[in-house]
Amino acid sequence: MMTQRRPDRVLGGPHDAFWRYCEQGELRMQRCGACQHLQWPPVDAACERCASTDVRRWDRLSGRGHLVSWCVFERAYYQELPVPWDTILVELAEGPLVVANPHGFRPGPALFGARVEARFTVCADGAGEFHLPVFALVEPPAPADG
Amino acid sequence: MRLSTAPAASAALSREVAVAGIGESDYREDFDASRGRAPDRRPPTAAELMTVAFERALADAGLARDQVDGLVWCTDPQVTDAPALLGISPPYRAQGASILPLGMAAGRDVIPTAAGALAEGRCATLAVLYTTTPRTTRKQFGGVTYTGGGRNSYYYYHPWGWSSQAAHWALMFTYYAQLYGVTEADLGRVAVSLRAAATRNPRAIMRQPLTIEEYLDSPYVVRPLRRLDLCLPNDGAVCLILRRTQDARTGPRPPVLLAGWGDAEVSERKLHHLVKDQLATVMRAAGDAALAMAGLGLGDIGHFQGYDAATCHLVGQLEGYGFAKPGTGLREWAAGRFDLGGELPVNTSGGMLSEAYMHGWNFIVEAVRQLRGEAGARQVGGLAAAMMAITTTESAHPLILTRDGT
Ligand SMILES: [Zn+2]
């Protein structure tokens, strides 16, 4: 399978931890020990909601969620990526909203609210190979369920 | 020097300070020159833009440059010695950290800070000057070269190929369209309507009439948004002369009073607030603060200008600040409620989509013209109070301006 070239990730500190878990096929986020809030994107030092510094625990998420929104780039912002380029917004079962790409489908009105689950696709950026979380439809494709 | 902490919305400051003079660069002529469409005119430099706006604002206020004892300037790219460029040496001077008239973050709001400086007697005649030259500097609003903002900025999503301010509004509108069953043609009505408004404004850059068919045939940037849903960068300058209200009353023009402002910002779960909440919570909080400071209700506002960097974002503001119920903005637009002659005329100058992308500074100028009764073919009748709002993808900053005596 060909490794896809992607624009550079943000790396360092908690970001490295996130990508290490992805390499193991796990979607994890920091959960605040004080208020239980899940942080996305990762925070360096303190909970984005309550400012507690107890944000060292990385909870494994189900990787399941549903399709909330999408947009398709017709103008190229990155030389690495072709257009049209599909991006989606997924609401994870645990609450956070994440920007990602669809895997094996193109988003559209018929899929609003469709159930999706995380897959990890092998990509490379300037820092080397990494496993990028993307989302596939849960089979069979669910009709819109809001 | 950076701006110090700006005063919070406070009834004590309401109507203490007024706009005594306005000045702008020639948006349309300069835009044509920058595109090589005006052979006898070269595009002005940032210094020339600043100078022309400043001198026009002084003339409008009936003042001489040596009467200016305060200067706040906000420029992109940054100009470190604006007073020297303008040939003045005001004792009070501050360089804005944000190029928005109502800031990006608490404590950086230019207009409230300027109002505070006047109210506290640190100066008596304050020029507030804004200049931007994105066409000259070829600023890009997305992609890997754009690294503005913090952790919550879109730089984080580079590996998924998601970038640009336009992409924020595209995600917002896709969700909104699915939730409320509106179409791209419904949205196009906003672009068509603002272009029609611009035809009544001789200063507007985009004055050729636009039909809904032309809109639907135009290219996408980020589906579902087209080029015509997004504002066009241009070079320009705006200058306001602010004075304490009793001083402004001695000038040649009716003073327009700064009656109320508000400020609210998303601090966590940015994508949730942006898409699922459509920023309604922050807009309502900031809008309520501005109305309370001004001692007015929503029904007292007769003219609204929302930050129309994107068509759908303007509709979101009509709903978020409470002028339309969620999901009904486009229907009310189609019914004519937000057109000139409707109940609440919106972005009457053509806005940033069709007049000029002046980061909302041109909204202050338009509100002043409307409240003075100087808006010509686009004048809103019997206007006493206008609201304008700077609304980013993570914050809300409304400002209410009123006619003297209201
Ligand atoms: Zn917390």
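Quick note: numbers below take in every heavy atom, side chains included, and nothing from hydrogens, waters or symmetry partners. Numbered from 1 within each chain, the chains take letters A, B, ... in sequence-line order.
By the neighbour-count criterion of 12 heavy atoms within 6.0 Å, atom CZ of A:Arg119 is densely surrounded, having more than that number from other residues, nucleotides or ligands. For NE2 of A:His103, the number of neighbouring non-hydrogen atoms (other residues, nucleotides, ligands) closer than 6.0 Å is 12 at most. Taking a 6.0 Å sphere around CZ of B:Arg331, one finds it holds 12 or fewer heavy atoms contributed by other residues, nucleotides or ligands.
Among the residues in residues 50-60 of chain A, none has a non-hydrogen atom closer than 4.5 angstrom to a non-hydrogen atom of chain B.
In this structure the side chain of B:Trp160 reaches within 4.5 angstrom of the side chain of A:Pro133, judged on heavy atoms. Under the 4.5 Å side-chain criterion, counting only non-hydrogen atoms from C-beta, A:Pro41 is in contact with B:Tyr157. Annotation: side chain of A:Tyr77 is in contact with side chain of B:Val221 (closest heavy-atom distance under 4.5 Å). When side chains are defined from C-beta on, A:Glu48 does not count as touching B:Lys270, because their heavy atoms never get closer than 4.5 Å. Inter-residue side-chain proximity for B:Trp162 and A:Trp85 is flagged as unmet; no heavy-atom pair is nearer than 4.5 Å.
Separation of the B:Tyr156 and A:Trp40 ring centroids falls under the 6.0 Å cut-off.
With respect to chain B, the highest number of heavy-atom pairs below 4.5 Å among A:Glu74, A:Arg9, A:Gln79, A:Arg6 belongs to A:Glu74. Contact tally against chain A (heavy-atom pairs below 4.5 Å) for B:Pro219, B:Pro224, B:Pro159: the top residue is B:Pro159.
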